[in-house]
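A short worksheet on the structure shown next.
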Amino acid sequence: MRLIETKLKDCFVVEPNVFADDRGYFFESYNEEKFNKALGQNINFVQDNESFSSKGVLRGLHFQKGEFAQAKLVRVIKGEVLDVAVDLRPDSPSFGKYESVVLTGENKKQFFVPRGFAHGFVVLSDTAIFSYKCDNFYNKESEGGLIFNDKTLNIDWKLPESECLLSEKDKILPTFETLF
Ligand SMILES: Cc1cn([C@H]2C[C@H](O)[C@@H](COP(=O)(O)OP(=O)(O)O[C@H]3O[C@H](C)C(=O)[C@H](O)[C@H]3O)O2)c(=O)[nH]c1=O
């Protein structure tokens, strides 16, 4: 596996080694020892999540606050999404910046989003199965978020805003300016 730096400090694209043959393919979607060695720190993932969404569904931008903050290792099992991370760490050189990466079942790329980031994705294919590991448990009371079309961040979601389908909860998330 390879970790590729992004414009956000501590946020990496992960490219696994895929073994293809005439039967299909095999790859280690996660190996704690190899991942922590490549990252240079010990991440202890404790919860796996999976979601299924149709084209245009936009989940995010979400984070958990304080002691329940989560680092995530995200991937797409089937379909195509634009995955987005926003650095919300005031002392980071990339504070207030975002990175986006296209994750697909085909490219098998993963995205490591550390604690202190907001995370979300929009589905670009007809449907997508999204699977990810978290290093802290879900804690409803500590949920926070950022509105997807925030004018300060100006995220290019690759879809017209009118085609983005959000939950009622996500439609009323706060702006970056009100958070900081
Ligand atoms: C996140 C989560 C949710 N839930 C329950 C709470 C709701 O009853 C239901 C759907 O939750 P929500 O609408 O928040 O799901 P998403 O919009 O996919 O949320 C995720 O969206 C973006 C992509 C993220 O990075 C976060 O991991 C997460 O916030 O699942 C749980 O039981 N456990 C959990 O860990």
Side-chain angles (χ1 to χ4, degrees), residues 6-14 29-30 35 39 43-89 92 94-105 107-150 153 155-159 161 163-176 178-179:
T6 69
K7 63 165 100 63
L8 304 181
K9 185 173 181 300
D10 307 324
C11 195
F12 297 91
V13 172
V14 183
S29 53
Y30 174 66
F35 180 76
L39 189 66
I43 303 286
N44 176 39
F45 291 114
V46 295
Q47 179 177 318
D48 282 3
N49 295 336
E50 179 175 312
S51 62
F52 172 86
S53 310
S54 301
K55 183 164 189 158
V57 166
L58 194 154
R59 297 174 183 259
L61 293 154
H62 302 157
F63 55 87
Q64 291 195 167
K65 301 169 194 165
E67 62 177 306
F68 288 98
Q70 295 171 310
K72 297 164 189 166
L73 179 61
V74 309
R75 70 190 183 107
V76 168
I77 292 177
K78 190 173 185 310
E80 178 177 350
V81 312
L82 183 81
D83 201 77
V84 172
V86 183
D87 192 345
L88 300 181
R89 304 169 300 176
S92 164
S94 49
F95 172 61
K97 299 213 178 320
Y98 82 90
E99 178 66 276
S100 61
V101 56
V102 174
L103 304 176
T104 75
N107 72 21
K108 299 178 180 48
K109 285 184 184 179
Q110 303 176 6
F111 197 24
F112 175 67
V113 181
R115 293 185 177 191
F117 283 67
H119 173 253
F121 66 87
V122 67
V123 178
L124 302 176
S125 49
D126 288 341
T127 63
I129 298 174
F130 192 81
S131 175
Y132 55 110
K133 310 180 86 65
C134 303
D135 78 336
N136 216 342
F137 295 110
Y138 174 62
N139 180 274
K140 186 170 185 55
E141 294 67 37
S142 64
E143 280 192 304
L146 198 55
I147 192 71
F148 81 108
N149 60 356
D150 184 87
L153 297 172
I155 295 169
D156 177 2
W157 289 99
K158 308 285 185 206
L159 277 186
E161 204 170 299
E163 292 180 23
C164 294
L165 309 170
L166 287 85
S167 65
E168 290 310 310
K169 172 185 75 148
D170 288 353
K171 285 176 183 170
I172 56 169
L173 289 172
T175 61
F176 182 84
T178 56
L179 286 179

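It should be emphasised that the depicted structure is a prediction, and the values quoted were computed from it without experimental measurement. Each ligand, and each atom within it, is numbered from 1 in the order the structure gives. Residue numbers count from 1 along this sequence.
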Does any N or O in the side chain of E99 come within less than 3.5 Å of the main-chain N or O of F12, such that one atom is a donor and the other an acceptor? no
Determine if the distance from atom 19 (O) of ligand 1 to the closest protein heavy atom is below 4.0 Å. yes
Quick one: does D87's side chain have a donor or acceptor within less than 3.5 Å of a partner on K9's backbone? no
Looking at atom 7 (C) of ligand 1, is any protein heavy atom nearer than 4.0 Å to it? no
Non-hydrogen atoms of K140 versus ligand 1: any pair closer than 4.0 Å? no
Please say whether K72 places an N or O atom under 3.5 Å from an N or O atom belonging to ligand 1. yes
Protein non-hydrogen atom found under 4.0 Å from atom 25 (O) of ligand 1: yes
Nearest protein heavy-atom contact for atom 12 (P) of ligand 1: which residue, which atom, what distance? K169 NZ, 4.0 Å
Before signing off on this row, confirm whether S51 and ligand 1 have an N or O atom pair separated by under 3.5 Å. no
What is the nearest protein non-hydrogen atom to atom 15 (O) of ligand 1, stated with its residue, atom name and distance? R59 NH1, 3.9 Å
N/O of H62 under 3.5 Å from N/O of ligand 1, yes or no? yes
If we count only non-hydrogen protein atoms and require a distance under 4.0 Å, does atom 34 (C) of ligand 1 qualify as touching the protein? yes
In the structure I gave you, are the side-chain heavy atoms of E143 and Y138 within less than 4.5 Å of one another anywhere? yes
Is D135 salt-bridged to R115, going by a charged N under 4.0 Å from an acidic O? yes
Less than 4.5 Å apart, any side-chain heavy atom of S100 and any of W157? no
How about atom 30 (O) of ligand 1: does it have a protein heavy atom within less than 4.0 Å? no
Are K109 and D83 ion-paired here, with the side-chain N under 4.0 Å from a carboxylate O? no
Where the closest heavy atom to atom 27 (O) of ligand 1 is concerned, which of F121, Y132, F117 has it? Y132
Would you mind reporting whether F121 and V76 have side-chain heavy atoms less than 4.5 Å apart? no
Show the atoms of ligand 1 that are less than 4.0 angstrom away from any heavy atom in Q47. 34 (C), 35 (O)
With a 4.0 Å heavy-atom cut-off (strictly under), which part of V74 contacts ligand 1: side chain, backbone, both or neither? neither
Strictly distance-based, threshold 3.5 Å: is any side-chain N or O of D170 a donor or acceptor partner for the main-chain N or O of S167? no
Flag, side chain of S94 to backbone of L8, donor-acceptor distance under 3.5 Å: no
